[in-house]
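Data block below; observations after.
Reminder, nothing fancy here: chain letters follow the sequence lines and each chain counts from 1.
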Amino acid sequence: MTEVLLEIKDLGIQFKTGEGAIQPIRGVNFTLKKGETLGVVGESGSGKSVTSLAVMGLLPEKKSKIVSGSILFNNEDITHLNERQYRKLRGNEMSMIFQEPMTSLNPVFTIGEQLGEPLKQHKKMSKKERKEAIIKILKQVGIPRAEQIINDYPHQLSGGMRQRVMISLALLCEPKLLICDEPTTALDVTIQAQILELMKQIKAEKNMSLLFITHDLGVVAEMCDRVVVMYAGEIVEVAEINELFDNPLHPYTKGLIDSLPTNNARKSKLYSIKGQVPKPDEIGKGCAFANRCPYAFNKCVESAPPTFSKGEHLSKCWLQESDRQVNIQ
Amino acid sequence: MTESSLIEVKNLKKYYEISQGLFKPKLVVKAVDDVSFSIKRGETFALVGESGCGKSTTGKTLLRLTDATSGEVRFKGEDILSLPYEKMRSLRKEMQMVFQDPYASLNPKMTIRQILLEPLRVHKKYSPEERMKKIVDILEIVGLSRSHLDRHPNEFSGGQRQRIGIARAVVLNPDFIIADEPVSALDVSVQSQVINLMLELQKEFGLTYLFISHDLSVVEHMTDRVAVMYLGKIVELADTEELFANPKHPYTQALISAVPVSHPKDVKERIVLKGDVPNPANPPSGCTFHTRCPFVMDKCKSVEPSLTEIGNGHITSCHLYSKNKEENINAIIYS
């Protein structure tokens, strides 16, 4: 068995709001192995970004709290590290690429200055070595004229170039874990294809683990080895990529796959999941998906399903209970 | 053009000037450069392309939300670019628009009742009592109910807001709706609901859509004909099925191949384009796509290709398909 790099056990996160506390993340469990790409899929509000921020220790300190569970990185508990300890990890052992390449670079520093920062923090390098390292990494991510680009400001670059700079920034210290939060959502399809190619190639070269957060099932199909499907703050299904597309066990996953336009006959009515994602305060004691599920029965409303496993394929749905085992094809 | 076309666009141009300073010559950005197409009654016509290719600007100029530099737009045979303001305003009850961002296109201070009554009031349609009945009807058609009337937009989710945006456009009973990326801000499960709604409304009211989108899987699903735009020009226009089965222009080929697969086992021959879209203020000479084209020839760098019909209403502007015999052979080899 390959080594586990990141393990999240029964994670629960609470946010304070004006009206009291809500809990957007409830009992999230997953593991990320070394050299693996794990996709996290879900709609907005399903808690995928909050989970990734928790791993990076970037949750807003005053408003949020990890109320249960733990995050193990390299067999070390990092759940309650303080800011100083986290700083040693972030950008060095783990780093993150954000969705908006337009807003995640600081507009008042040049590319060179921004890329120098993680090296200053984590590596003992002379100014000259730093510059060489930056140019080398920029060339690696396919930026032309790297020697001049380091003196440019972010607004002088296009969206695709900025996302390349973000990727190079994340890669500088050769992290073991790279979290990508919707890295291509803001980009055009042709640029998206470029960036995905680049990320595949870099991952293969550096043998990193990727945690790939997206809502686009097509991107997941291209990039990932395994997939975690999240719905309303819970993990509803975990499976190997082909298994997930061939044989989804949770009605939500099946609904998502079926509602892709490419899986429906042209001009026909698209399959759609009725209703909408519940707000965190609307979730009752039953299954969070029960009110939208076409297969729901009494038990679903009464109590929340535990995780059932079928080999490596995990799902949280009463249909998979051993005496039921309904096939939802 | 045929009689059945609802809207005809001829040589439409929209240039923006950028001031470079007091004594420097102005830079001209050709956002829409010599675009012609016609939309038949009852069909869904798609404009696709990457950001900055001029597809939204084309949509806006059709409604005269921004003024065209030159060209002709005929709606039911009438040239609407030369209409006086008042007339254009009253004509807009027949042509409406659905915007991309449902969070920004509804006034947060108005209730749903006010939002839906406004177009009827502006265009003086129906008596006040009839108006109320009308908006309740339309709310029910788009899947909301009377109980939502006195709420504000912030109380709704993205999908519901887009339904309200669509209801606002449809309440006037228009013939023509421009939908500018109506589903790209929505989640997958909600996106399919909104697409279904648009298809239903089209059947029920006999609507004609101009569907502007960059999402090719949605375009393939719900449109009849597609025009592909690149840097302000149409580079290919064909029936949807024909375009997806048999794309001719190298840009269209790359665009279609860049769409992510729908199943991990699908293997796709991918054409990854090099580089970014060039700066529209300083477009490349000749064919504007030659800087990224995998089949570039010497001719492409200097001579601008013109739109040529290659059969059955399928037109494309690429030197690979111009009438020269030798080049045609090349085209067959490459495509």
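Of the atoms belonging to A/I273, heavy atoms from both backbone and side chain fall under 4.5 Å from chain B. Using a 4.5 Å cut-off between heavy atoms, A/Q192 contacts chain B through its side chain alone, with no backbone atom that close. Heavy-atom distances place both the backbone and the side chain of A/S268 under 4.5 Å from chain B. Using a 4.5 Å cut-off between heavy atoms, B/I195 touches chain A through its side chain atoms alone. Using a 4.5 Å cut-off between heavy atoms, A/Y252 makes no contact with chain B at all.
With a 4.5 Å cut-off on side-chain heavy atoms, A/L217 and B/V188 do not count as touching.
Within 6.0 Å of CG in B/N154 there are more than 12 heavy atoms belonging to other residues, nucleotides or ligands. Counting non-hydrogen atoms of neighbouring residues, nucleotides and ligands closer than 6.0 angstrom, the CD atom of A/Q148 exceeds 12 such neighbours.
Atom CG in B/N196 sits 5.0 Å away from atom CG in A/L270 (nearest 0.5 Å). Distance NZ/A/K269 to CG/B/L199: 10.0 Å, rounded to 0.5 Å.
In terms of non-hydrogen atom pairs under 4.5 Å with chain B, the most contact-rich of A/N242, A/I241, A/N264 is A/N242. Among B/M222, B/Q193, B/R292, the residue with the largest count of heavy-atom pairs under 4.5 Å with chain A is B/Q193. Among B/N279, B/D215, B/T44, B/T223, the residue making the largest number of heavy-atom pairs under 4.5 Å with chain A is B/T223. Of the listed residues (B/S157, B/S184, B/G143, B/G159), the one with the most heavy-atom contacts under 4.5 Å to chain A is B/S157. Between chain B and the options A/G218, A/C224, A/P144, the largest number of non-hydrogen pairs under 4.5 Å is found for A/G218. Contact count against chain B (heavy-atom pairs under 4.5 Å) is highest for A/Q194 among A/Q194, A/H215, A/M161. Between chain A and the residues B/E200, B/R270, B/H221, B/Q191, the largest count of heavy-atom pairs under 4.5 Å involves B/H221.
Side chain of A/D188 to backbone of B/E50: no donor-acceptor contact under 3.5 angstrom is found. In terms of modelled atom types and a separation under 3.5 Å, the side chain of A/E197 and the main chain of B/V272 share no donor-acceptor contact.
Considering every non-hydrogen atom in both B/S217 and A/P261, the closest pair reads O-CB, 3.5 Å. Scanning all heavy atoms of the two residues, the minimum distance from B/P260 to A/E222 falls at CA-OE2, 3.6 Å.
For the 3.5 Å distance criterion, the side chains of A/N263 and B/H263 fail to qualify, holding no donor opposite an acceptor.
Salt bridge absent: B/E241 and A/K267 never bring a charged side-chain N and a carboxylate O closer than 4.0 Å.
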